[in-house]
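Some notes on the structure that comes next.
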Amino acid sequence: MATIDKAYNAHAVEDRWYERWEGKGAFRGEIRDGAEPYCIMIPPPNVTGMLHMGHILNNTVQDIFIRRARLEGKAALWFPGTDHAGIATQTRVEKKLREKGLHRRDLGREKFVDEVWKWRDEHGGIILKQLRKLGASCDWERTSFTLDEHYSKAVLTAFVELYRRGYIYRGLRMSNWCPVSQTALSNEEVIMKPQKGLFYKMRYELVEQPGEYIHISTTRPETLMGDVAVAVHPDDERYKDLVGKHVWRPFPREKIPIIADTAVEKDFGTGALKVTPAHDVVDFEIGQRHDLPTLDVLNPDGTLNELAGEPFVGMDRFEARKVAAKKLEELGNLVETEPYENNVGFSERADVPIEPRLTMQWWLRYPKVEEARRAVTEGHIRFHPKRWEKTYLHWLETMERDNIDWCISRQLWWGHRIPVWYRKGIAAADRDYDNPEHVHVSVEGPEDPENWEQEEDVLDTWASSWLWPFANFGWPDEMESQASELSYFYPTQTLVTGFDIIFLWVARMVMAGLEFMGEAKESLEDADIAARIPFKDVYINGLIRDSKGRKMSKSLGNSPDPLDLIEKFGADGLRFGIVNIAPSGQDILFSEDRIEIGRNFCNKLWNAARFRQMSGESGDNSSLEAVLQRIDKEHLAAYDHWILGRLVETTAEVERCFAQFEVHAYPRALYEFFWSDYCDWYLEASKARMKDPATQATVLAVQDLVMRQYLQLLHPVTPFITEELWQNLGFSGEAGTFLQSTQLPVAGQLRSAIEQQLGQLDDQAQAEIEAIKELITRIRALKSEYNVASRRDVPFYLLAEGDGREIVESHLQTILNLAQIESLEAVSERPEGMPAGVTALGTAFLDLAQAIDVAAERQRLEKELAKLEKGIKAGEAKLGNEKFLNSAPEAVVQGARDQLAATKARHEEIQMLLNSLPNG
RNA sequence: GGGCGACUAGCUCAGUUGGUUAGAGCAACUGGUUUACACCCAGUAGGUCGGCGGUUCGAGUCCGUCGUCGCCCACCA
């Protein structure tokens, strides 16, 4: 057995074990006959990503689940991988090219994509290396990437199938356009941000009444060249007479009609709206209703085009805004400007305002929406905490109600190119999408590729990641095989993710699973749903914020580098700390102070193990049975029964935490048991018996038993230190197997193993030890209050009778040791002039051998008396109430009786003490 | 505008189906070189559980209402 260093050196331990685990394939997840499968699919981070605090929490939780599953004997598989992250990655490489003065068009599609692959191979996937530092036990041999060949095949197959099933269509619609990335975006990729700007009030001259004007407010004068009408509300009395007349658009100067439409708010601005169908969603709808033309004055890159007229051609949209305002002023059309703040949609990736733009895109009508709803309402999929179900269902509802389809095409090069080919020589306008002579849709492509041109667009990244739970297992090829990993591991067990992507990802995965993981069907039965869902439990982890409650972000600089934290606190410390403060799906306010507890805890654990090692030779620790063999039940004390009982309870509590997904309660229960019960009380109490040759072996064996079970319970959250101690304390036996491949006894098994060997655990011991603890605490408090806390030579007396006296007798040495007192002599009369403390076992008196401050002692006792009186009043009121006696459960009534009796006894004793104080 | 959530000790949070006189960590204060641990030990202080009302024998817990704060969705140019 290796000796244990005085200070816990996390780094050496962590690096060493991770290497061994990975080297020995300890994380490999495989089909194992007879074992229950347990699979977690990692939410694939962006291949460009770096580890941040959110990842730490998310992946620690996943690792806890997967390691626990291994200890429970399940065939556990944590499937890792990364996402190609279309826009993010392409933007990254384009930026690099720009530094060399190049644009992606200079390279051409093929060369550019090569460049991105090269970049990925060099810089991508850093995050996966960082996850190893954290201790993540992913099956790295399976590391998947959404652009891998097999994965791409799944993505294209899904597209082709959905197309054939009628869910996918191509359409000219308003969509979100990013002028920097020059692609369409889905609503989810657009972030609304409040922007300070100006509100321009303009006047347009009436054509029919020269010299008269209508006032219009706008925030975007640069688009007025695209105006095709002015709209007012039909009920607006101010403008009623003007509807049907015309105004002069100032530039390019043209007649445009005044129309009435209910989309206009009478009370907003001037109540008159300039209608620019090409550049605003509402305006576009108004345009549709009134059959207005669409004048697009912007180029795809956000500069103005020929339709805008000079001097705007080629000018950037923000520059044009200023120039347009100036020109309006010169022409006398600008009435006033005022500061204004409104919400503007920004491209999530490029962080520039998006343009609503009329473009031809591919759209997907979501499949199996109703079934996705039922999957949750009927309990096939459970959210933890449960309330997130509401968010999920709310999303589905909105989507269905508002008929929101998913824009799945992106005008990028990095991604899955849409598997659609157009026959050469047929103009886009003449294309008939239902005619296979015109449009070819397949995974393999047409047989005569020379006659076809492939669609330029690629698919939205989410249109690949929504297949993650089954594409990674070889769908669609593996669908037929009953012996496949797909049929063994799917549906996966638990998904761990953030609430922000419940719709973006979680709901879509559910829909994809329901649509594809079985034969094509219009609607599904319950049994179909149960078989097709991608996961059974969804654990939603909270969002990490800084200590002031702000979101962590690069620009605020309030996001610590997790690797620094690992450096400082150790991976185990960080893991324990972050899970310990992670409440159930609530936001988490992060501060380093709160992580310290994790490091301190590891140190405590380390030292307890060290103490064990220093206390005596280890016996055979290679199995629970071997440890039990070393315990002589004749030498077991109440303390031993108590700590073993607590160990069984703690094991059960941990089981409950996992069953109910109370991830934060799990480390808390472990912390309390170990620090308070085991270290502060049990170890301290057993020190005397460890020195006694007669009892030493038994006491050490009990410690070993506790440590053995405890390390197994704790391992999922702090894998490194537990593995190190497991090996150092000899629990692995000769074989040297890893802790995580051992089997954890459940509470029932543990109890029966103990009782089979040692006889029934004494449940009375619990109450007895609690009473002894109270007595010791009272004595310590008395010493502290009388400033003799550090003295060990003070004598105490105990006034007790019957049981109390006996119990104290049997624990006398422990009490003297833990309370640090000279003696505790039994007396039958109250000694006078001594400060006293009343406990359930009896009254303890501190012999100061000098006069006490009677007034202070009286005050102290009276304070306690008042507290007890309050309790007695409450108890009597309760027990005097017949309705309480009749309706409360017997146990509650009895509890109240017992408590009242105890309180009264204590009250009486304190009263006696007060009476016995000298006057003064 | 629609939805979700929070409010418990100075701070951050526990508190499982209503059932003893509400807990922890940190911070504060007092005292400790107890040969496992100062990343420690012992002790003290600190809360009318956001307000009001209701249900109940009994409410931190359930219901209503108000207040404050946060998040998500929508986005009036």
Side-chain angles (χ1 to χ4, degrees), chain A residues 4 6-8 187 192 199 216-220 231 263-265 267-270 272-276 280-283 342-345 387-388 390-391 394-395 397-398 402 499-500 502-503 543 545 547 549 569 573 580-581 583 585-589 591 593-594 596-597 599-615 656 660 662 664-665 668 671-672 676 679-680 683-684 687 777 780-785 787-790 792 817-820 867-868 870-875 877-878 881-889 891-893 895-896 898-900 903:
Chain A
I4 302 179
K6 173 160 180 167
Y8 174 51
N187 290 343
M192 301 305 290
F199 206 28
I216 299 159
S217 319
T218 184
T219 53
R220 302 201 60 190
V264 181
E265 290 286 331
D267 302 328
F268 188 83
T270 61
L273 168 72
K274 72 186 203 58
V275 182
T276 322
D280 185 278
V281 177
V282 174
D283 291 14
N342 65 340
N343 279 328
V344 177
R387 63 191 163 86
W388 292 110
K390 289 183 192 165
T391 303
H394 181 72
W395 262 112
E397 248 168 60
T398 327
D402 299 345
F499 59 83
D500 47 335
I502 285 179
F503 186 72
L543 186 74
R545 298 172 171 278
S547 57
F569 301 112
N580 192 52
I581 63 171
Q586 231 33 288
D587 286 358
I588 297 147
L589 301 191
S591 76
D593 299 358
R594 308 187 64 194
E596 254 178 43
I597 187 176
R599 181 199 55 182
N600 296 354
F601 176 73
C602 288
N603 195 254
K604 187 75 178 174
L605 178 67
W606 185 259
N607 275 290
R610 214 177 117 236
F611 175 63
R612 163 64 190 89
Q613 199 177 47
M614 291 162 64
S615 302
R656 194 194 62 79
Q660 300 181 7
E662 288 185 15
H664 65 290
R668 278 169 212 236
Y671 182 94
E672 199 197 323
S676 305
C679 290
D680 288 350
L683 284 186
E684 293 302 328
K687 276 178 178 172
T777 303
R780 285 169 174 168
L782 275 175
K783 287 180 69 185
S784 191
E785 279 159 30
N787 295 319
V788 291
S790 52
R792 313 174 76 169
N817 289 341
L818 295 197
Q820 298 283 332
K867 223 162 113 188
L868 293 169
K870 216 176 113 191
I872 290 171
K873 247 170 104 180
K878 187 178 280 185
N881 186 332
E882 227 171 283
K883 282 184 177 168
F884 170 70
L885 298 176
N886 293 337
S887 31
V892 172
V893 176
D898 293 347
Q899 194 194 8
L900 181 60
T903 311

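Chain letters run A, B, ... following the sequence lines, proteins first, then strands; residues in each count from 1.
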Check whether any side-chain heavy atom of A:F611 lies under 4.5 Å from a side-chain heavy atom of A:L683, and answer yes or no. yes

Could you report the tightest heavy-atom contact between A:A819 and A:K783, atom names first, then the distance? O-NZ, 3.2 Å

Under 4.0 Å, heavy atoms only, any strand: does A:K687 hit a base, just the sugar-phosphate, or nothing? base

Please report the distance separating the C1' of B:G47 from the corresponding atom of B:G31, rounded so that it comes out in whole Å. 26 Å

Calculate the interatomic distance between A:F611 atom CZ and B:U34 atom P; express it in whole Å. 14 Å

Within the distance-only criterion (no hydrogens, no angle test), does the side chain of A:R780 pair as donor or acceptor with the backbone N or O of A:Q820 below 3.5 angstrom? no

Write down the distance separating the C1' atoms in B:C71 and B:A24, rounded off to the nearest Å. 27 Å

Stems field, RNA chain B, Watson-Crick or wobble, 3.5 Å, at least 3 pairs, by first number, holds B:1-7 with B:67-73, B:10-13 with B:23-26, B:28-32 with B:40-44, B:50-54 with B:62-66

Classify the angle between the aromatic ring planes of A:Y8 and A:W606 as parallel (below 30°), tilted (30 to 60°) or perpendicular (above 60°). tilted

Determine the minimum heavy-atom distance between A:V282 and A:D280, stating which atoms define it. N-OD1, 2.9 Å

Is A:N881 reaching over with its side chain to a backbone N or O of A:A877, donor-acceptor style, under 3.5 angstrom? no

Looking at residues at least two apart in the chain, or sitting in another chain, which of them share a side chain to side chain donor-acceptor pair (under 3.5 Å) with A:K873? none

Write down the distance between CZ (A:R610) and P (B:U35), rounded to a whole number of angstrom. 13 Å

P-based separation of B:G50 from B:G60 [nearest Å]: 10 Å

Which is more 5' along RNA chain B, the nucleotide nearest A:N787 or the one nearest A:S887? Just name the residue. A:N787

Between P of B:G2 and CG of A:D402, the distance in whole Å: 15 Å

A:R594 has an atom CZ; how far is it from atom C1' of B:G25, in whole Å? 9 Å

A:L589, nearest nucleotide to its side chain (from B:C13, B:C4, B:C40): B:C13

Of the candidate nucleotides B:C57, B:G19, B:C37, which contains the atom at the shortest distance from the side chain of A:K883? B:C57

Consider the side chain of A:A888, meaning its heavy atoms from C-beta on, and name the nucleotide among B:G19, B:U21, B:C39 that approaches it most closely. B:G19

Under the side chain to side chain contact (heavy atoms under 4.5 Å, CB included) criterion, do A:L273 and A:D283 qualify, and how do the steps go? CA-CA 9 Å; A:L273 168 72; A:D283 291 14; 4.0 Å; yes

Protein heavy-atom contacts under 4.0 Å, written 5' to 3' over nucleotides 58-63 of chain B as B (base), S (sugar-phosphate only) or - (none), form the string ------

Separation of B:C26 atom P from A:F569 atom CZ, nearest Å, is 14 Å

side-chain contact (heavy atoms from CB on, under 4.5 Å) filter on A:V893, not counting sequence neighbours, yields A:L879, A:F884, A:L885, A:A888, A:R897

Rounded to whole Å, CD1 of A:I581 lies from C1' of B:C11 at a distance of 13 Å

What closest approach, in Å, do A:V275 and A:A231 show between heavy atoms, and which atom pair accounts for it? CG2-CB, 3.6 Å

Looking at A:E662, I'd like to know if its CD atom is crowded, meaning that more than 12 non-hydrogen atoms belonging to other residues, nucleotides or ligands lie closer than 6.0 Å. yes

Would you mind reading off the distance between A:L605 atom CG and B:A36 atom C1', rounded to a whole angstrom? 12 Å

Contact check, side chains of A:T398 and A:H394, non-hydrogen atoms, under 4.5 Å: yes

Base-contact (B) and sugar-phosphate-only (S) positions in nucleotides 70-77 of chain B, heavy-atom cut-off under 4.0 Å, - elsewhere: -SSS-BBB

Closest heavy-atom contact between A:K878 and A:A896? CD-CB, 4.3 Å

Choosing from B:U16, B:A36, B:C37, which nucleotide comes nearest the side chain of A:R656? B:U16

Between B:U12 atom P and A:H664 atom NE2, what is the distance in whole Å? 17 Å

Quick one: which protein N/O atoms are closer than 3.5 Å to N/O atoms of nucleotides 41-44 of chain B? Pair and distance per line, please.
from: B:C41; atom 1: OP1; to: A:K604; atom 2: NZ; distance (Å): 2.9
from: B:C41; atom 1: OP1; to: A:W675; atom 2: NE1; distance (Å): 2.4
from: B:C41; atom 1: OP1; to: A:D680; atom 2: OD1; distance (Å): 3.4
from: B:A42; atom 1: O3'; to: A:R780; atom 2: NH1; distance (Å): 3.4
from: B:G43; atom 1: O2'; to: A:S784; atom 2: OG; distance (Å): 3.2

Between A:K867 and A:S790, name the one whose nearest nucleotide on RNA chain B is closer to the 5' end. A:K867

For a side chain to side chain contact (heavy atoms under 4.5 Å, CB included) check, start with the C-alpha distance between A:N580 and A:Y671, then their side-chain angles and the critical distance, and finish with the verdict. CA-CA 9 Å; A:N580 192 52; A:Y671 182 94; 5.6 Å; no

Sticking with atom P, work out how far B:A74 lies from B:A59, rounded to a whole angstrom. 44 Å

